[in-house]
Amino acid sequence: MAVEEHLNNTEKRGAYSLALLFALRMAGLFMLMPVLAVYGQQLTDFSPLWVGIAIGAYGLTQALFQIPMGWLSDRFGRKPIIFIGLSLFVLGSVVAALAESIHGVALGRALQGMGAIASTVMALAADLSRETQRAKVMAFIGVSIGLSFAASLVLGPVISAFLGLSGLFWLIAGLAVLAMLVVQFVVPNAEVKAPSGEVSVNLRQMLGLLRNPQLLRLDWGVFSLHLVMTALFVVMPLRLVNAGLAPAHHWQVYLPAVLVSFVLMVPLLIISAKRNQQRGYFIFAICLLLLANALLFVDFQSVGLLGLVLAIFFIGFNYLEASLPALISTLAPPGNKGAALGVFSTSQFLGAFIGGSSAGALYMAGGMHAVSLFSIAVLLIWLLVSLGMRAQAGIKNYSLAISSSQQPAHLLAKLQVLPGVVEAVVIAQDNTVYLKVKTKEFELARALDLLSAA
């Protein structure tokens, strides 16, 4: 049958379960951010330098391991790699919980980062959704991360006051174990068949990904997005303090701004998809980020106005955070979604690392305005780069019913040899096959005949 206008059961289950997976894993990380510098003072060998190293160690190892984990997921499957990544995350959390020095916490954080599963989870989300519905699935995941972030700003200091830093790390380990149960029992399975020779990534294919101008535009985009987000949070807490809001109450500004942005961001995603104007809305979202940073040149002394700036920023941020993974998975070569999303996630974590470190140096050298100017320069480059974005033409998606008695591997092998088939995914639980095809070469009647015969 033709592509549906709404999420089907598999896409809904995939969206909700993967969003829950991300929320459980990210909640612990976000809860740690506002408390490590305070409660870390109880550790031996404490220094601000090592606090920075402990925070940055996670991002550094995340950046280093995203691509290898993405490669492995292309070859051995998504779920096994997700389990390995979550196991490393649990190990790192336990090491940090048992640590008595800041050095031990830094080691635990580095081990946590080695469980780099962001690219693999995004690739699984792509496997479980049709391209026409992928932005909605990614939006669910993006919303879960944002809500997790907002809730963690509130819960982190409260929980740490009762459990301490060690207890917080034990809680983070427990959340990761719960995430493993979600993967095992809630997340749907997907069997993917890509063209022969494209499942394992070699040097030539990797260089091809790095030379693809459309993919590079998106990699630069996520690098820029997380750079300016991290830079913003270097100076925004100071602005709120200057406006008279105590640090313990900053969540009262962050939480409403994030929630309001979600309410306004979702209609933008829906309208852009219905009108097939993703490029225009994408550029509009970058302009919102530019507007927010331009407004920060004004020395606001009003908490309400700063909240408005944050809301403007997060509308653009959340729209782009949801759109970028969907675009990268659509443009990635069949069989290499994991590798392409690995490059994408690496760019994201490098952007966060460089944004934070650069903003700190710029703030010391030139104040808050220097940070805003730096962010505006990065966003202007991104805006110019994004003008060259092109939609993928000549590709169509089908969702077809199959019999429960058909063997997925046997069926995938037959579908893959049909002319024009770019990628095939079987969702056995729902007796459904997704086909990504070249419209000029593919004949739907032949696929239906094959399914009937099988």
Side-chain angles (χ1 to χ4, degrees), residues 24-66 84-117 148-149 151-180 230-231 233-238 241 246-251 349-350 352-365:
L24 289 171
R25 182 170 172 272
M26 300 305 291
L29 296 174
F30 291 143
M31 283 192 291
L32 185 67
M33 298 301 290
V35 302
L36 182 58
V38 177
Y39 291 91
Q41 297 179 29
Q42 303 170 6
L43 300 168
T44 60
D45 300 319
F46 171 86
S47 72
L49 172 63
W50 272 98
V51 168
I53 293 174
I55 292 174
Y58 177 85
L60 180 61
T61 50
Q62 278 277 307
L64 291 174
F65 281 84
Q66 285 296 334
I84 292 173
L86 288 173
S87 298
L88 287 170
F89 188 85
V90 171
L91 175 62
S93 301
V94 172
V95 169
L98 296 174
E100 296 182 356
S101 71
I102 190 67
H103 303 143
V105 171
L107 174 61
R109 291 279 292 165
L111 287 171
Q112 283 182 325
M114 290 173 63
I117 61 170
S148 176
F149 173 72
S152 298
L153 291 177
V154 180
L155 295 176
V158 175
I159 293 174
S160 298
F162 287 96
L163 301 180
L165 188 61
S166 176
L168 182 60
F169 274 114
W170 282 115
L171 176 61
I172 292 170
L175 292 175
V177 171
L178 183 57
M180 295 173 74
T230 308
F233 277 96
V234 170
V235 298
M236 183 55 71
L238 300 175
V241 169
H249 299 148
H250 285 188
W251 65 269
F349 287 107
L350 285 176
F353 174 76
I354 293 174
S357 57
S358 299
L362 287 168
Y363 174 73
M364 293 181 64

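For the numbers below, each heavy atom of this structure counts, side chains included, while hydrogens, waters and symmetry mates do not.
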In Å and rounded to the nearest 0.5 Å, what is the CD to OG1 distance from E100 to T44? 7.0 Å

For the student: nearest non-hydrogen atoms of G104 and V95, plus distance: O-CG1, 4.0 Å

Euclidean distance, L24 CG relative to S148 OG, rounded to 0.5 Å: 8.0 Å

Looking only at heavy atoms, which two atoms of L91 and L111 are closest? And how far apart? CG-CD1, 4.5 Å

Any R25 side-chain heavy atom under 4.5 Å of I117 side chain: yes

Keeping Q62 on the side-chain end and F349 on the backbone end, is there a donor-acceptor pair under 3.5 Å? no

Among residues two or more places apart or on two chains, list those pairs meeting side chain to side chain donor-acceptor pair (under 3.5 Å) that have a residue in residues 86-95. S93-Q112

L107 side, atom CG; I102 side, atom CD1 - distance, nearest 0.5 Å: 11.5 Å

Roughly how far, to the nearest 0.5 Å, is NE2 of H103 from CG of D45? 4.5 Å

Are the side chains of L165 and L43 in touch, meaning some heavy atoms are under 4.5 Å apart? yes

Report yes if the side chains of F89 and Y58 come closer than 4.5 Å at any heavy-atom pair, otherwise no. yes

Under 3.5 Å, side-chain donor or acceptor atoms of residues 169-179 against the rest of the protein: list the pairs with distances, not counting sequence neighbours.
none

Might you point out which heavy atoms bring A97 and S166 nearest each other, and give the distance in Å? O-OG, 2.7 Å

